[in-house]
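Report on the structure given below.
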There are 2 protein chains.
Amino acid sequence: MAATLHDVAQRAGVSIKTVSNVVNDYPHVSAVTRAKVLEAIDELGYQPNLSARSLRSGRSGVIGLVLPELSLSYFAELADAVIARAEKHGLVVLVEKTGADRDREIAVLSSPRMRLTDGLIFSPLGMGQGDAPLLAVDYPMILLGERIFGGPVDHVTMRNVEAARAATEFLLDSGRRRIAVVGAHRGEVLGSAALRLQGYREALEAAGVDYDPALVSHTTLWHRSNGAESMRELIGAGVEFDAVFGLNDALTLGAMRVLQEEGLRIPDDVAVMGFDNIEEAQFAVPSLSTVDPGRTEIAETAVDLLVERLGGAAARPREPRELLVDFRVVARESAPEPARA
Amino acid sequence: MAATLHDVAQRAGVSIKTVSNVVNDYPHVSAVTRAKVLEAIDELGYQPNLSARSLRSGRSGVIGLVLPELSLSYFAELADAVIARAEKHGLVVLVEKTGADRDREIAVLSSPRMRLTDGLIFSPLGMGQGDAPLLAVDYPMILLGERIFGGPVDHVTMRNVEAARAATEFLLDSGRRRIAVVGAHRGEVLGSAALRLQGYREALEAAGVDYDPALVSHTTLWHRSNGAESMRELIGAGVEFDAVFGLNDALTLGAMRVLQEEGLRIPDDVAVMGFDNIEEAQFAVPSLSTVDPGRTEIAETAVDLLVERLGGAAARPREPRELLVDFRVVARESAPEPARA
DNA sequence: GTGAAAGCGCTAACAA
DNA sequence: TTGTTAGCGCTTTCAC
């Protein structure tokens, strides 16, 4: 049986409260008493019972992280960063995955299994703008992603439109004019796909290049296989293009693979640009030019904001906040830096 | 304020115990009472307080997963599978990462932050065989990986030696004789690197091919960059080889990239074989032949064993168990199936 | 089939 | 500076 505060108190010959004070670093404890207590703690191998502490204090020291899928590199790297940052605040992370399914996302918001977390970092992929009211939960929550804007909670996200626009401009600057897009979502107005496509269109327009819908291929998911498939379709349909902008890196890597199968040279025949800057992009063949959307900063900001919300009601901001992190275009072999005039 | 059992009982006009019975699906409750209670639960939006339940019952419904790093694809995919399987058992997963640091691994074993988990799935990378006694913790634990064997806990792992031997034999069968190895760990006797190297040597010996230490390159970590670096060293040293066996996929993909930078054709000049079968291997250029070590099965077995240990003491096996999952060699472009006689 | 009461281990008033 | 006491919300005997 594990030792309790009681056991420690008995052994040290003090009251349970004194032990509690020592354990919680309450300052007004005499050095002698403290030493006695610490010794007893050591001898008994005492470890506080977190369930009890949590029941009593209403705080568990656990935050929840809800993601579509951990096997997608983007989310794996995000989770890694969240866990690292949480640890700095003395918090541990409960990871839940939804498979990007709207119903499961909604369910998790009111799931009792999540009740033992102090707050949530929530990255939906199935829910949409219309579901925003559902985010008005009675615990602290930080929203990630670009499925819902202006909701009732803090929101940390990337500059999708601007970043996609910059990526497209990068390709335009290097002389490309027929830029195929991989990974659009049909009928989507918000969401990463729609926003990035919008950035693409803005860049074309600014450069006076006509938008050609034939260049835009649609997928449901954003895995490597979807990118590969889209690229086969584009090529099969005889669409001419001199560049590809993939709406995320996984898609783009899949597409790049098919380009090479087809004997197209990268970047000579086709320049390729991705989005996400996952670690893999750097070691692909050829290495993938992409947009670094500030993933680590998103993770860290999300944790920091959540911790703020967890703090005393006094320090807690009343209004939901919208935070945008910085991005940058990373030039690699698949789309080298254009020679600037 | 959230509703409690008490509130529900009051509203339904029954005792707190009856509500508890309904919540816990205790069978002997009359249909009328049950309906009344369920209605009250619904009206109040009652959600059980898991901290209280956990304090009282001694079980939290949370299991811990301790990994070196979530951003390594192998572990990300492992975590994904663990979370999926845990959910089937109604459990949620707390993920902790250690950065493969021995001290942090040891610390996490007795960390109070882990005390609110019912049990642990533990994948160390820094601890070694000598640390086996530290695994004798007083909560259920399942050990993964190949750093410690014959320890005091259940252990689920892959057939490293046999799988590496099969991979090497595959290369030998396709006529390769000078097989470079990427990712060995100097001085290691146990651990994935040592075991896989052993399999490599066994295959060579069985085929009557001499072992040449010059072909074996060493790394500390197993990231893409380490594989790339090793490959540059091998080539720089003028070592001749007609195949590469990378001790994991990430390493191998890094190495493969350098091979291509150097103008070597894969598999014509150099056949390449990895280990892990991460999703990326399938979409690399060229697609990577590799060993599927049964990652999903490892994850699922680990969760299932842990759940068994979580169960009543009656059903609990007394002796630590050692489980090995099946592997298979996956032939792709980087090392095609040899033409069998 | 249902109720009453005890207590899991801890924290936070309040007292001393 | 330290001790006493009352719960946090739930499960679990044990009666009825």
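Each chain gets a letter, A, B and so on, in the order the sequences are listed, and its residues count up from 1.
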So, [X] side chain and [Y] main chain: donor-acceptor pair closer than 3.5 Å or not?
X      : Y      : value
A:S60  : A:L116 : yes
B:D7   : B:T4   : yes
A:D154 : A:R321 : yes
B:D131 : B:L134 : no
A:D101 : A:T98  : no
A:E105 : A:L125 : yes

Selection: residues 33-55 of chain B, any non-hydrogen atom under 4.0 Å of DNA chain C:
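The stretch gives B:T33, B:L55 as the residues lying under 4.0 Å from the strand, ordered by number.
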
Atom-to-atom span, [atom1] of [X] to [atom2] of [N] - whole angstrom:
X      : N      : atom1 : atom2 : result
B:D7   : D:dC10 : CG    : C1'   : 13 Å
B:N21  : C:dG1  : CG    : C1'   : 9 Å
B:I16  : D:dC14 : CD1   : P     : 19 Å
A:N24  : C:dA12 : CG    : C1'   : 11 Å
B:L116 : C:dC10 : CG    : P     : 13 Å
A:R56  : C:dA13 : CZ    : C1'   : 9 Å
B:D25  : D:dT12 : CG    : C1'   : 17 Å
B:L5   : C:dA5  : CG    : P     : 17 Å

Under 4.0 Å between a side-chain nitrogen and a carboxylate oxygen: does that hold for B:E87 and A:R104?
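So B:E87 pairs with A:R104 through a salt bridge.
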
Give a yes or no on whether a salt bridge exists between A:R295 and A:E300, defined as a side-chain N under 4.0 angstrom from a carboxylate O.
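A:E300 and A:R295: not salt-bridged.
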
Closer than 4.0 Å, any side-chain N/O of [X] to the OP1 or OP2 of [N]?
X     : N      : answer
B:S57 : D:dT12 : no
A:S20 : C:dC10 : no
A:S30 : D:dT1  : no
B:S15 : C:dG3  : yes

Does any non-hydrogen side-chain atom of A:M127 lie less than 4.5 Å from one of A:L135?
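Of all side-chain heavy-atom pairs linking A:M127 with A:L135, at least one is under 4.5 Å.
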
Which is more 5' along DNA chain C, the nucleotide nearest B:G13 or the one nearest A:T4? Just name the residue.
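Here B:G13 is the residue nearer the 5' end.
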
Measure the angle between the two terminal helix axes of the helix from C:dG1-D:dC16 to C:dA16-D:dT1, five base pairs each, and quote it to 10°.
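Angle reported: 30°, given to the nearest ten degrees.
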
